[in-house]
Amino acid sequence: MASSDNKAEAGGTAHMVAALAKALREQQGVTQEELGKLIGYTASAISAMETCAQPASDKMLVKLEEVLGGGLGVFEKARKWMLMEKYPARFRGAAGLERGAVTISSYATFCIDGIFQTEPYAQALIRGSYPPVSDQKREELVEARLARRALFDRDPTPMIELILEEGVLRRPFGDWDIMREQLRSLAEDAQRENVCLQVLPMDRGLRGSHAGERGPMKLLVTEDHDHVVYMEIEDQGILVSEPSEVAQLAHRYAKIRSQALSPDDSLGLIERLAGEEP
């Protein structure tokens with residue numbers, strides 16, 4: 001992605017951080033090169049941050065807080081909002097709700113849900129997407145996706161449920177080593193106290209009923225105890241909040257869950273696949 005594209009796409013937080021960093025740097029009589037040396041970046045990286053040609057990464061914000069923050073915590077507070085701006089536009093609304101949700105229930109049909117993805121898996125998945133994105137944009141998307149794993153250890157702890165189609169476990173991205181690492185990570189996450197993971201068998205349709213035939217969904221119970229459903233189709237994100245519609249989708253999710261393997265049997269399948277050679 002060209003720097004001009006980055007400037008055009010940069011959000012309000014990125015511009016605020018850029019202006020504030022430049023103002024504080026100049027107030028303290030520090031050049032771009034000097035600031036770069038202090039925080040471990042080149043002068044060109046500082047320049048790119050100040051012009052939004054390359055907005056500050058999360059790591060850079062931490063360093064800016066240490067060197068320029070003056071104890072105010074402004075760069076630290078900006079980390080949350082900068083991260084939100086790195087999500088695809090279609091997901092930003094759902095990401096904000098997910099961040100504070102007390103319950104997150106997902107049904108995934110094509111790939112591992114983003115909360116559970118490892119870095120190599122996320123890298124391979126995003127690298128192969130279409131239309132392709134620049135290396136720089138891919139790194140931003142991966143950083144934002146991996147940050148969602150903080151939900152596992154958030155206080156208060158949310159309940160996280162995931163139902164995966166068995167085909168997701170058998171569909172590799174990148175190479176088989178990446179996939180096996182992802183499966184091992186998934187098995188570890190499945191054993192967390194606040195996680196329930198189930199697999200919907202590939203042969204479910206042979207039993208005359210498959211409640212998941214209409215595609216993936218994510219059900220969220222927000223910190224205000226509102227119930228919403230998020231769905232995606234071809235780069236379009238849909239948030240459903242109408243109670244009657246949410247109830248219908250929740251009933252469908254419950255049916256999908258009833259058709260899936262038990263958590264113990266699901267874990268056994270994941271561990272077996274993690275140990276298999278392609």
Side-chain angles (χ1 to χ4, degrees), residues 1-28 30 32 35-36 38-101 104 114-115 117 119 122-123 126 129 133-151 153-155 158 218 220 222-224 228 230 232 235-237 239:
M1 182 183 294
S3 61
S4 59
D5 292 336
N6 286 346
K7 293 177 184 178
E9 291 187 5
T13 305
H15 284 284
M16 182 275 291
V17 165
L20 184 60
K22 182 178 181 179
L24 290 173
R25 175 181 64 76
E26 293 177 343
Q27 183 185 58
Q28 297 177 30
V30 179
Q32 291 180 339
L35 177 59
L38 287 171
I39 67 174
Y41 289 85
T42 63
S44 60
I46 300 301
S47 175
M49 178 271 294
E50 291 184 352
T51 60
C52 287
Q54 174 55 59
S57 67
D58 191 61
K59 292 180 180 178
M60 182 182 282
L61 286 171
V62 172
K63 292 296 184 180
L64 288 172
E65 180 62 39
E66 293 175 358
V67 174
L68 296 180
L72 297 175
V74 289
F75 294 108
E76 177 63 31
K77 291 181 175 66
R79 292 174 64 190
K80 169 185 173 182
W81 303 108
M82 283 287 284
L83 190 62
M84 291 293 291
E85 290 181 358
K86 291 177 181 178
Y87 289 119
R90 66 180 181 275
F91 184 64
R92 287 173 192 163
L97 295 174
E98 181 186 76
R99 189 182 184 95
I104 304 165
I115 298 174
Q117 289 180 15
E119 181 173 0
Q123 287 273 7
I126 295 171
S129 65
V133 298
S134 67
D135 290 346
Q136 174 185 305
K137 185 62 176 179
R138 185 181 72 249
E139 292 303 322
E140 290 181 1
L141 291 170
V142 170
E143 178 186 15
R145 187 164 299 180
L146 295 180
R148 294 167 63 195
R149 288 186 59 84
L151 287 164
D153 303 307
R154 195 199 70 200
D155 185 20
K218 184 182 292 288
L220 303 168
T222 72
E223 51 194 335
D224 295 324
V228 297
Y230 174 73
E232 279 188 9
D235 293 333
Q236 301 299 312
L239 271 174

As an exercise, state the distance from [atom1] of [X] to [atom2] of [Y], rounded to the nearest 0.5 Å.
{"X": "Ile46", "Y": "Met49", "atom1": "CD1", "atom2": "CE", "value": "5.0 Å"}
{"X": "Leu61", "Y": "Glu66", "atom1": "CG", "atom2": "CD", "value": "11.5 Å"}
{"X": "Leu97", "Y": "Arg92", "atom1": "CG", "atom2": "CZ", "value": "14.5 Å"}
{"X": "Ser134", "Y": "Glu139", "atom1": "OG", "atom2": "CD", "value": "9.5 Å"}
{"X": "Lys63", "Y": "Phe75", "atom1": "NZ", "atom2": "CZ", "value": "14.5 Å"}
{"X": "Glu98", "Y": "Ile104", "atom1": "CD", "atom2": "CD1", "value": "4.5 Å"}

[X]: what forms a side chain to side chain donor-acceptor pair (under 3.5 Å) with it, not counting sequence neighbours?
{"X": "Glu65", "value": "none"}
{"X": "Ser44", "value": "Thr42"}
{"X": "Arg149", "value": "Asp189"}
{"X": "Arg145", "value": "Gln117"}

Notebook entry, point to check: Residues two or more places apart in sequence or in another chain: which of them pass ring-ring contact (aromatic ring centres under 6.0 Å, His included) with Tyr230?
Noted result: Phe91
Sequence neighbours excluded, which residues qualify as salt bridge (Lys or Arg N to Asp or Glu O under 4.0 Å) partners of [X]?
{"X": "Asp153", "value": "Arg192"}
{"X": "Glu232", "value": "Arg90"}
{"X": "Arg99", "value": "none"}
{"X": "Glu119", "value": "none"}

Non-hydrogen atoms of [X] and [Y] that approach each other most closely:
{"X": "Met16", "Y": "Ala78", "value": "CE-CB, 4.4 Å"}
{"X": "Leu220", "Y": "Ala101", "value": "CD2-CB, 4.3 Å"}
{"X": "Glu140", "Y": "Pro55", "value": "OE2-CD, 4.3 Å"}
{"X": "Glu50", "Y": "Ala18", "value": "O-CB, 3.6 Å"}
{"X": "Ala94", "Y": "Leu239", "value": "N-CD1, 4.1 Å"}

Margin query: Taking salt bridge (charged side-chain N to carboxylate O under 4.0 Å, His left out) as the cut-off, I'd like each qualifying pair that reaches into residues 12-23, sequence neighbours left out, listed once.
Written below: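 Sorted pair list comes back empty.
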Next item on the list: Could I get the full list of side-chain contact (heavy atoms from CB on, under 4.5 Å) partners for Glu223, not counting sequence neighbours?
Entry: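 Counting only residues at least two positions away or on another chain, Glu223 forms no side-chain contact (heavy atoms from CB on, under 4.5 Å).
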Next item on the list: Not counting sequence neighbours, list each pair that qualifies as a side-chain hydrogen bond (donor to acceptor under 3.5 Å, both in side chains) and has a residue in residues 70-79.
Entry: Asp58-Arg79, Glu76-Arg79
Check: Hey, does Val30 have a side-chain heavy atom less than 4.5 Å from the side chain of Leu24?
Finding: no
